[in-house]
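Heads up: the structure comes next, in structure tokens.
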Protein chains: 2
Amino acid sequence: MHSFTEENYLKTIYAISLRQDGDVSTNALAEVTATKAASVTDMLRKLADKELIHYKKYQGVRLTEEGERLALQIIRRHRLWEVFLVDKLGFGWDAVHDIAEELEHIRSDELTARLDAFLHYPQFDPHGDPIPTQTGQMPETEYRKLSDVNEGEAVRLMGVLEHSTAFLQHLDRCQLTLGCAVTLGEINPFDRSVRVVSETGQPIFVSHEVARNLLVE
Amino acid sequence: MHSFTEENYLKTIYAISLRQDGDVSTNALAEVTATKAASVTDMLRKLADKELIHYKKYQGVRLTEEGERLALQIIRRHRLWEVFLVDKLGFGWDAVHDIAEELEHIRSDELTARLDAFLHYPQFDPHGDPIPTQTGQMPETEYRKLSDVNEGEAVRLMGVLEHSTAFLQHLDRCQLTLGCAVTLGEINPFDRSVRVVSETGQPIFVSHEVARNLLVE
DNA sequence: ATAAAAATTTAGATAAGTCTAAATTTTTAG
DNA sequence: CTAAAAATTTAGACTTATCTAAATTTTTAT
């Protein structure tokens with residue numbers, strides 16, 4: 001079987017692949033896993049031996065089919081546990097990442113299936129990220145960034161691109177909750193900040209930095 | 001902080017201490033942890049350095065106050081997760097031990113407290129074992145073994161001493177469920193097997209081996 | 001009381017995952 | 001196009017938890 005650490009590398013390779021095209025570099029992995037490039041190289045050799053990644057020295061890596069299957073399994077478990085922590089245990093959406101990071105490594109298909117049923121087969125986690133299916137499909141979403149929406153459009157907040165505690169707590173303070181409907185007011189041409197109006201009619205000022213990290217439909 | 005492995009040793013030392021008096025031997029630990037005596041010795045030196053156990057070479061070990069506090073914390077988490085797995089996810093009581101063995105190592109006091117509340121502060125796990133309190137007290141129970149009960153007495157099944165899957169499944173097949181009331185019929189003088197009669201009037205034959213591992217009140 | 005048996009510890013080795021420092025390859029800029 | 005910079009890999013070392021084999025201590029049985 002593969003270790004806790006190997007699972008984290010697979011998950012990280014998948015995550016980096018999503019936000020760029022081409023292969024994933026050693027340095028990018030070192031940064032995200034908070035290790036040194038030399039350590040990453042060692043692990044890549046190991047994952048390549050197990051045929052979980054395609055790896056050519058100096059050329060970066062890409063998951064094999066089996067590697068991607070495993071990565072999606074881990075992400076599925078992570079997101080299901082996040083739903084559990086928020087919906088059932090009442091944690092804030094900004095407080096669940098680290099705990100889910102541990103829970104995701106419990107490799108029991110029956111546990112995952114029962115948890116899924118207990119949560120009524122959720123399709124999205126508390127941050128709006130889609131939950132991969134049992135068969136390893138990542139549901140497609142067609143969300144736009146709030147920063148790409150035009151003045152006057154009415155949209156609904158569906159997810160976040162940034163998952164840091166600081167960002168999520170900022171959204172809480174602004175009353176920007178997933179699922180809430182907002183209408184775009186004028187976009188400030190100087191700093192591209194924007195005023196949005198929530199269902200309750202309350203105006204909320206949103207910086208471009210925040211708008212770039214909010215997904216809407 | 002202490003490792004996953006150190007936690008398992010503490011838990012094991014506590015468990016062995018309960019079922020014998022005097023200090024716990026290296027060999028006993030090696031057997032339960034499925035390692036070799038030499039490996040146990042190494043770990044004991046380490047736990048002694050951290051002042052989690054009292055250890056004198058060749059003399060066996062005993063938990064310090066801090067060691068016992070940690071052991072009870074781990075056992076508390078283990079048993080709370082077992083309640084979750086059985087009561088909320090619908091696992092059989094014979095199928096939860098291994099999964100709880102992994103969940104117990106997630107060291108978040110907030111997670112444990114919220115799980116406890118979500119489960120409505122259970123006092124016993126699915127096998128009738130008491131759940132240590134948040135402050136590290138192991139609730140006392142005054143159960144007798146079914147093998148010590150006299151003919152004609154009416155008792156209620158409250159727990160098990162043996163936790164193997166095989167034993168628990170045997171009880172399921174006999175319809176011997178925790179909480180069920182039974183009256184003792186005659187004890188066979190030859191093999192000390194006993195006939196018990198359940199609430200429904202159904203007679204159940206119980207070997208001495210089984211009776212020795214059933215706790216009643 | 002002492003020799004044999006049992007239990008325990010020590011010594012030295014291994015595997016996983018990490019590190020630093022040095023070497024190598026690839027990329028970039030003039 | 002080539003030299004410097006950046007990225008990556010290799011070499012050698014460390015830590016944790018384990019092992020086997022040998023040495024030591026304790027217990028047991030005569």
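Lettering of chains follows the sequences in order, A, B, ..., and the numbering in each one begins at 1.
Put simply, the side chain of B:Leu184 does not reach to within 4.5 Å of the side chain of B:Asn150, judged on heavy atoms.
Atom pair A:Lys56:NZ and C:dT25:C1' shows a separation of 15 Å (rounding to whole Å applied). Here C:dA7 presents its C1' atom at 9 Å from OH of B:Tyr58, a figure rounded to the nearest Å. Here the C1' atom of nucleotide D:dT18 and the CG atom of B:Leu44 are 14 Å apart, to the nearest Å. When the C1' atom of C:dA16 is taken as reference, atom NZ of A:Lys50 falls 10 Å away, rounded to whole Å. In this structure, the CG atom of A:Leu29 is 12 Å from the C1' atom of D:dT8, given to the nearest Å.
For the residue pair B:Asp191/B:Ser193, the side-chain donor-acceptor check at 3.5 Å is satisfied. A side-chain donor-acceptor contact under 3.5 Å links A:Asn8 and A:His105.
Residues from residues 2-28 of chain A placing a heavy atom under 4.0 Å of any atom in DNA chain D, listed by number, are A:Ser25, A:Thr26, A:Asn27. Applying a 4.0 Å cut-off to non-hydrogen atoms, the residues of residues 35-43 of chain A that approach DNA chain D are A:Ala37, A:Ala38, A:Thr41, listed by residue number.
With B:Tyr55 as the partner, the side chain to side chain contact (heavy atoms under 4.5 Å, CB included) test is satisfied by one option alone out of B:Thr41, B:Asp23, B:Asp49: B:Thr41. Just one residue in the list A:Asp125, A:Leu119, A:Ile99, A:Leu103 forms a side chain to side chain contact (heavy atoms under 4.5 Å, CB included) with A:Trp81, and that residue is A:Leu103.
Note: A:Phe4 and B:Phe4 fail the aromatic proximity criterion, with ring centroids not under 6.0 Å apart.
Looking at every heavy atom in both residues, B:Ala30 comes nearest to B:Ala37 through CB-N, 3.7 Å.
Nearest to the side-chain atoms of B:Lys57 among the listed nucleotides C:dT26, D:dT26, C:dT9 stands C:dT9.
Contact between the side-chain N/O atoms of A:Tyr55 and the OP1/OP2 oxygens of D:dT9 is found at a separation under 4.0 Å.
Remark: A:Tyr58 engages no residue in a ring pair (Phe, Tyr, Trp, His ring centres under 6.0 Å) (not counting sequence neighbours).
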